[in-house]
Structure formats: structure tokens, C-alpha cells
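The structure appears right after this line, and notes come after that.
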Amino acid sequence: EDRKVTGKEKPLLFPDWAYKPAWSPGSRQVQLWHFLLELLGRGEGSAIGWGGEWGEFVIRDPERLAKLWGERKGKPHMNYDKLSRALRYYYNKRILHKTKGKRFTYKFNFSKLILVNYPGYPPPGLQVIITSLQLMSKPPVLLLFHFI
DNA sequence: GACGGAACGC
DNA sequence: GCGTTCCGTC
């Protein structure tokens, strides 16, 4: 019942994964896709950056990204081989897919959705019109903005 | 590099 | 459940 939309709006159809809380009380671990969005939101100078298409991103420095992820998770031996296995598990969950033929390039499966309570969101240069709702709950849930 | 099975930990 | 580790295969 935490995740129910408050008010009288008719239910909006967002993918389940979009409702996952970014941070939970206590010790719940960061998820990889949260971490990726966090870095992407920071923009320049990162090991990862937005690609040409909507939701697409390019890993500019795979081993550096892996190292950062390993630091966050307390896994000093993390590398791109292992990180990319975790990314591949996202294919079946419909969180990500691979941009075929483009090296180190993946794409988030949000279509007209962006998740905005990460630093730097939305990415600069994007025109957004907020049509959607804020999901209020404790712990804080991702804010969902609807692009048109 | 990219893929996905398998065993494993927490 | 969400990766981590390892690895055979293309």
C-alpha cells in the first residue's frame, strides 16, 4: 500500500522497476541501475555518459566504472567483466537492453519516463513538461516525470 | 566484447 | 532477490 498513488487520479502505468525506492532505511544495498543513474546525473568527467538516443548511455571507461561500483559495494575486485554480467541480468527484467553493434553502449528501457531525484536530473538541455505525479511515501521513492 | 549458465553469498 | 564470481562459447 506504500506504492499506491495518492489522490483520485486513475492509476498510471509505469513499469514496476520505476517504483523501486532509491534508498531504503537501514542497510538495503544500492542497486546498480541506481548507481548508474547517479553517475549519469553528475555529467561531465565521469566514466559513463548519455548516448545519442533517449535513455542510451555509453560506458567511456569500463574499468574505472567497475572500480567505482566496487568501491560503493565494498568489492575491491570488481571489474567490467563482472559488472557487465550484472547489466545482462537486467535484460530479462526489462530495465536495460544492449545497443547492438555499439561498444559499451546500453539503453534504459524508460520511454517517456525519467527518474529525477538523482543529482543533476534532468540532464541539461532537455525540455520537460511535468504531467505526472509525485509519489509520496516513506522512504522516498523516485519522482516520476512524464516527458512529452 | 558480449552472452548466459551455474554456484554462491548475503 | 540482486548481484558476484567464474567460465565456456560465439
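Lettering of chains follows the sequences in order, A, B, ..., and the numbering in each one begins at 1.
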Tell me, please, which residues at least two apart from [X] pass side-chain hydrogen bond (donor to acceptor under 3.5 Å, both in side chains).
X: E71(A); result: none
X: E53(A); result: K107(A)
X: Y90(A); result: none

What I want to check is whether an N or O donor and acceptor connect the side chain of R88(A) with the base of dG4(B) at under 3.5 Å. yes
Separation of [X] atom [atom1] from [N] atom [atom2], in whole Å?
X: K93(A); N: dG3(C); atom1: NZ; atom2: C1'; value: 8 Å
X: Y91(A); N: dG1(B); atom1: OH; atom2: P; value: 13 Å
X: I95(A); N: dG3(C); atom1: CD1; atom2: C1'; value: 12 Å
X: L32(A); N: dT4(C); atom1: CG; atom2: C1'; value: 12 Å
X: L96(A); N: dA2(B); atom1: CG; atom2: P; value: 13 Å
X: Y90(A); N: dC3(B); atom1: OH; atom2: P; value: 15 Å
X: L87(A); N: dT5(C); atom1: CG; atom2: P; value: 14 Å

How would you list, by chain and number, every residue that makes a salt bridge (charged side-chain N to carboxylate O under 4.0 Å, His left out) with [X], sequence neighbours excluded?
X: K75(A); answer: none
X: E63(A); answer: none
X: R88(A); answer: none

Between which residue ranges does DNA chain C form stems of three or more consecutive Watson-Crick or G-U wobble pairs, both distances under 3.5 Å? B:1-10 with C:1-10
Option from W33(A), F108(A), W50(A) for which ring-ring contact (aromatic ring centres under 6.0 Å, His included) with F57(A) holds: F108(A)
With a 4.0 Å limit, can you tell me whether [X] has a side-chain N or O closer than that to the phosphate oxygens OP1/OP2 of [N]?
X: Y89(A); N: dG4(B); answer: no
X: K73(A); N: dT4(C); answer: yes
X: W69(A); N: dG3(C); answer: no

Salt bridge (Lys or Arg N to Asp or Glu O under 4.0 Å) pairs touching residues 76-87 of chain A, sequence neighbours excluded, are none
Identify, between N92(A) and R103(A), the residue whose nearest nucleotide on DNA chain B lies closer to the 5' end. R103(A)
If you measure from CD1 on I48(A) to CH2 on W69(A), what distance do you get to the nearest 0.5 Å? 11.5 Å
So which of residues 78-86 of chain A are in contact with DNA chain B, with a heavy-atom cut-off of under 4.0 Å? Y80(A), R85(A)
Kindly point out which of dA2(B), dT5(C), dG3(C) is positioned nearest to the side chain of K75(A)? dT5(C)
